[in-house]
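Here's the structure we're looking at; comments come further down.
Letters go in sequence order (proteins before strands), and every chain restarts at 1.
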Number of protein chains: 2
Amino acid sequence: MQNTVLLEKLQEIAGKKRVSTSTADLYCYSCDASQIRGMPDFVIRPDTTEQVSEIVKLAYDNDISITARGAGTGLAGGAVPVEGGIVLDMSAMNHLVEMDLDNLQVVVEPGIVQEKLNAELEPYGFFFPPDPGSSAMCTLGGLIANNGSGMRSVKYGTTRNYVLGLEVVLADGTIINTGSKTMKSVAGYSLTDLFVGSEGTLGIITRATLKVRALPQERSVLLASFEDPELAGKAVVKVLSSGIIPSACEILDSNIIQAINAYDPHIGIPEVGAILLFEVDGTENSVHEGIEMIEQVCKSLAIDIKTAANKEERDEIWAARRLVGAAVSRLDPLRTRVYVGEDIGVPIKEIPQMLHKVREISDEFDLPIMTYGHIGDGNLHTGMCIDVLEDGDWEKLNSAADKIHHTAIRMGGTVTAEHGVGGARSEYLELELGNALDVMMTIKKALDPKGILNPGKMGV
Amino acid sequence: MQNTVLLEKLQEIAGKKRVSTSTADLYCYSCDASQIRGMPDFVIRPDTTEQVSEIVKLAYDNDISITARGAGTGLAGGAVPVEGGIVLDMSAMNHLVEMDLDNLQVVVEPGIVQEKLNAELEPYGFFFPPDPGSSAMCTLGGLIANNGSGMRSVKYGTTRNYVLGLEVVLADGTIINTGSKTMKSVAGYSLTDLFVGSEGTLGIITRATLKVRALPQERSVLLASFEDPELAGKAVVKVLSSGIIPSACEILDSNIIQAINAYDPHIGIPEVGAILLFEVDGTENSVHEGIEMIEQVCKSLAIDIKTAANKEERDEIWAARRLVGAAVSRLDPLRTRVYVGEDIGVPIKEIPQMLHKVREISDEFDLPIMTYGHIGDGNLHTGMCIDVLEDGDWEKLNSAADKIHHTAIRMGGTVTAEHGVGGARSEYLELELGNALDVMMTIKKALDPKGILNPGKMGV
């Protein structure tokens, strides 16, 4: 079918104003927050499941690639149409379909921005726990397709743990519903779990039933300073195995600390080897108790421990953590942070060793690497900054990232703990998954025999 | 291949004493705790993954059905070889391969009995939370294959939430490893979640990496009596949405209460419309606080609330709950409990309505139905007792079960919340899952093209 005929068909399905082929529009949809690029041929912003189904069917009948996109905040190219074709911009499907709080659940369309859902839930005393750094922008559909998580996952788990059911449009346009409105069901294979984290390569998510939780009454934070990251790692292992479950457990390495202090000298974080930031939430009493227990456990390992005495002090401590993203680029004004090799995960007790290796790699390539992340999950973000106009720097960046990835895999870890595989990490899947990748390919082939759904992603 | 030749080959793989074709042995493997029956042709008790792989490959090459079995405690026929062939008794693969407690995980073979794992973990202050009623007998492999759960799932989730990775033998004998030793990974489709709960229809689990948790310091219970189940249901909704997460939230209906009192008059449970049993675990303070909060929330709805003042009173209250299984059959000595239609799940707020419907069905068929279960998850067990020598009673039983299943599905619920589909509930999957069942079949066909893995189960 010719592109002009196809355009007409797409306009028939979704309405003229919902379809674009203008170069400016296409360019806007050719990237996300990663280094991956790919120009689409059409951009469509459907507003019903039926439209999505018809569009996918048309793509299927004509062997056209189709890539779903939420807010484009992805860091691995998951929403980038690397083989062209159609981009389905899901942002118009942004209705909160049902608030079913007696059943501790909501039904949502995929285009809702994460924070907006939480704003809707707050007056009722509920929240949706997954909280990626991009929560002010990212959509629930993207979060589900990537199984996103964030700082709270050490206590609350990942998005997967909150998806009770999905409405999904399959490669041939068929609409299915997975899961159940019940809290537990073992009726059939867990298709919900298969689609969560499949990055749009098996189907397009058009609706989701999500579990929500009651908002904690109280939260408090503790900041512990350590001579070196190894001691910080030991403290984390001790805290977690003592039965305390913090609602966040973050690490900042010495490079990040310097960067934050350079960015805003008023923050004044102690310039030590590593800092751990613990948050505890719950009832007033349990928060008080949790913070005390963490203090006890960390005492023998830390140089200094600071507990937030009130909300102001708590916000102050968190402010430092929130600055990380912005601060990373400030260590050297000539350098820019480039998101490559940023999302490794290792078994908890390997964290000190991994931090040590990252420093070695930083030295080897003479590349500043700032490490921070969700240490309670073993998830480390290694922010690397280069002079983007220097070709040599790009080479160093990619070599360092490659070494970081290989090191994580050798330690029994993963190349991506929460950002996704997308087009950025496909090459590592064989090494990390072994012949389980063949099973992924078998499933992909069975559910998307023409390979039209988000091709060129996840190694399938 | 002739059966005699096959027997020789199997003996070559696993050793003579690990293979049996004696009628007595085969008979022992022809059933589980359900009504499903099927005689195998061979029983093999392998003790290595390599043996399992070779056996499966032999079965694959010769189109022989192969059904894995743990302890045979299943209530849906999942381990029964309804199409004959080989039963793989996994109970000899019962080694605790690795205690990796700094990483909050253990590596196990599938034949370990659930309670034995917890006995090994206890001295170190850890436990593996899923706790089905059969925990003293059931194996971890069976628990994983069925995604079992039990009383604690309202707080701790199901087995799925504790499986980090699996070693699986596929239909053609290929050995794969899924998942990761990290707490979070999004590298690839969640094959782990696909195999968990697939009841041996997609592969044979030969090893698992399981998350464990620190044992709570303290636990306590509260027993609340209600005039009718509807009020009890309301109390549950109120408690859960107030942010309290009990470690158990069980209901006993008036029939069950009578049965327990008839079984042991010393227990002396108040003969009311319904009883809720809440357990809270955690630190001493948080347990105290949780119990107090539940008391506050239930006060306006309950007739009476009793809190365990000490360990003895706690054990006394739990004793009543533990008697349920034995007591169900004591309401009428001529009747026997038959496990049919026992495992429905409904959205939490539908529980009162479901309990009402169960009573109506009980009246309609003149069949005593005793309802108890994990009301915090919406999971109700409806224990039915019949005179097994009366043909008419069997008909009534099946009709009542059918009506219970249809009612649960109509309410947005499930025919099985934790026991599994097996051969007992396949017929309902199309109604419950709709065309998502086709996706299950597509996956089954792709991963087990000859249909040799546990055929006749899960509707695939």
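The two residues K349(B) and D100(A) make their nearest non-hydrogen contact at NZ-OD1, 2.9 Å. Across L429(A) and A187(B), no two heavy atoms sit closer than the pair CD2-CB, 3.9 Å. Across S286(A) and E289(B), no two heavy atoms sit closer than the pair N-OE1, 4.1 Å. Pairing each heavy atom of N435(A) with each of N177(B), the nearest pair is OD1-N, 4.5 Å. Taking both residues in full, the closest heavy atoms of I348(B) and N103(A) are given as N-OD1, 2.9 Å, listed atom of the first, atom of the second, then distance. Nearest heavy-atom pair, K184(A) versus S153(B), reported as atom, atom and distance to 0.1 Å: NZ-OG, 3.2 Å.
Note that the CD1 atom of I375(A) and the CE atom of M183(B) stand 13.5 Å from one another [nearest 0.5 Å]. Distance CE/M440(A) to OG/S190(B): 10.5 Å, rounded to 0.5 Å. Distance check: S241(A) OG to Y124(B) OH gives 13.5 Å after rounding to the nearest 0.5 Å. For the atom pair NZ (K445(B)) and OG1 (T442(A)), the distance works out to 14.0 Å, reported to the nearest 0.5 Å. With values rounded to the nearest 0.5 angstrom, Y189(A) atom OH is found 8.0 Å from L447(B) atom CG.
Neither the backbone nor the side chain of Q105(B) comes within less than 4.5 Å of any heavy atom in chain A. Contacts between V460(B) and chain A at a heavy-atom distance below 4.5 Å involve the side chain alone, from C-beta outward. Only the side chain of I245(A) comes within less than 4.5 Å of a heavy atom of chain B; its backbone N, CA, C and O stay farther away. At a 4.5 Å heavy-atom cutoff, R425(B) makes no contact with chain A through either its backbone or its side chain. In this structure, chain B has no heavy atom under 4.5 Å from any part of I344(A). Interface residue L104(B): only side-chain heavy atoms are found under 4.5 Å from chain A. The part of I443(B) that comes within reach of chain A is its side chain, from C-beta onward, which places non-hydrogen atoms under 4.5 angstrom from that chain. When heavy atoms are compared at a cutoff of 4.5 Å, L164(B) does not approach chain A at all. With a threshold of 4.5 angstrom between heavy atoms, S242(B) approaches chain A through N, CA, C or O but not through any side-chain atom. Heavy atoms closer than 4.5 Å to chain A are found nowhere in M411(B), neither backbone nor side chain. Contact of F126(A) with chain B is made through the side chain alone, with heavy-atom distances under 4.5 Å. For E418(B), the parts lying under 4.5 angstrom from a heavy atom of chain A are both the backbone and the side chain. The part of H374(B) that comes within reach of chain A is its side chain, from C-beta onward, which places non-hydrogen atoms under 4.5 angstrom from that chain.
Across N379(A), T414(A), D377(A), a single residue satisfies side-chain hydrogen bond (donor to acceptor under 3.5 Å, both in side chains) together with S185(B), and that is T414(A). Applying the side chain to side chain contact (heavy atoms under 4.5 Å, CB included) test between L191(B) and each of D193(A), L437(A), V439(A) identifies V439(A) as the sole match.
For the pair N285(B) and N285(A), the minimum side-chain heavy-atom distance is 4.5 Å or more.
By number of non-hydrogen pairs under 4.5 angstrom with chain A, the leading residue of G188(B), S180(B), G157(B) is G188(B). Of the listed residues (G378(A), G420(A), G412(A), S426(A)), the greatest number of heavy-atom pairs within a distance under 4.5 Å of chain B belongs to G412(A). Of the listed residues (V168(A), T283(A), L101(A), V415(A)), the greatest number of heavy-atom pairs within a distance under 4.5 Å of chain B belongs to T283(A). Taking chain B as the reference chain and counting heavy-atom pairs below 4.5 Å, the highest number among N161(A), L202(A), N147(A) is found for L202(A). Your options are A214(B), A408(B), P347(B), and the one with the most heavy-atom pairs under 4.5 Å with chain A is P347(B). Ranked by heavy-atom pairs under 4.5 Å with chain A, the first of G459(B), G376(B), A436(B) is A436(B). If you tally non-hydrogen atom pairs under 4.5 Å between each of T158(A), L433(A), D438(A), T178(A) and chain B, the highest count goes to L433(A). Ranked by heavy-atom pairs under 4.5 Å with chain A, the first of V212(B), T201(B), I244(B), D343(B) is T201(B).
The local environment of NZ in K234(A) is sparse, with at most 12 non-hydrogen atoms from other residues, nucleotides or ligands closer than 6.0 Å. Under a cut-off of 6.0 angstrom, the local environment of CD in E284(B) is sparse, with at most 12 non-hydrogen atoms contributed by other residues, nucleotides or ligands. The number of heavy-atom neighbours closer than 6.0 Å to CD of E430(B), taken from other residues, nucleotides and ligands shown, is 12 or below.
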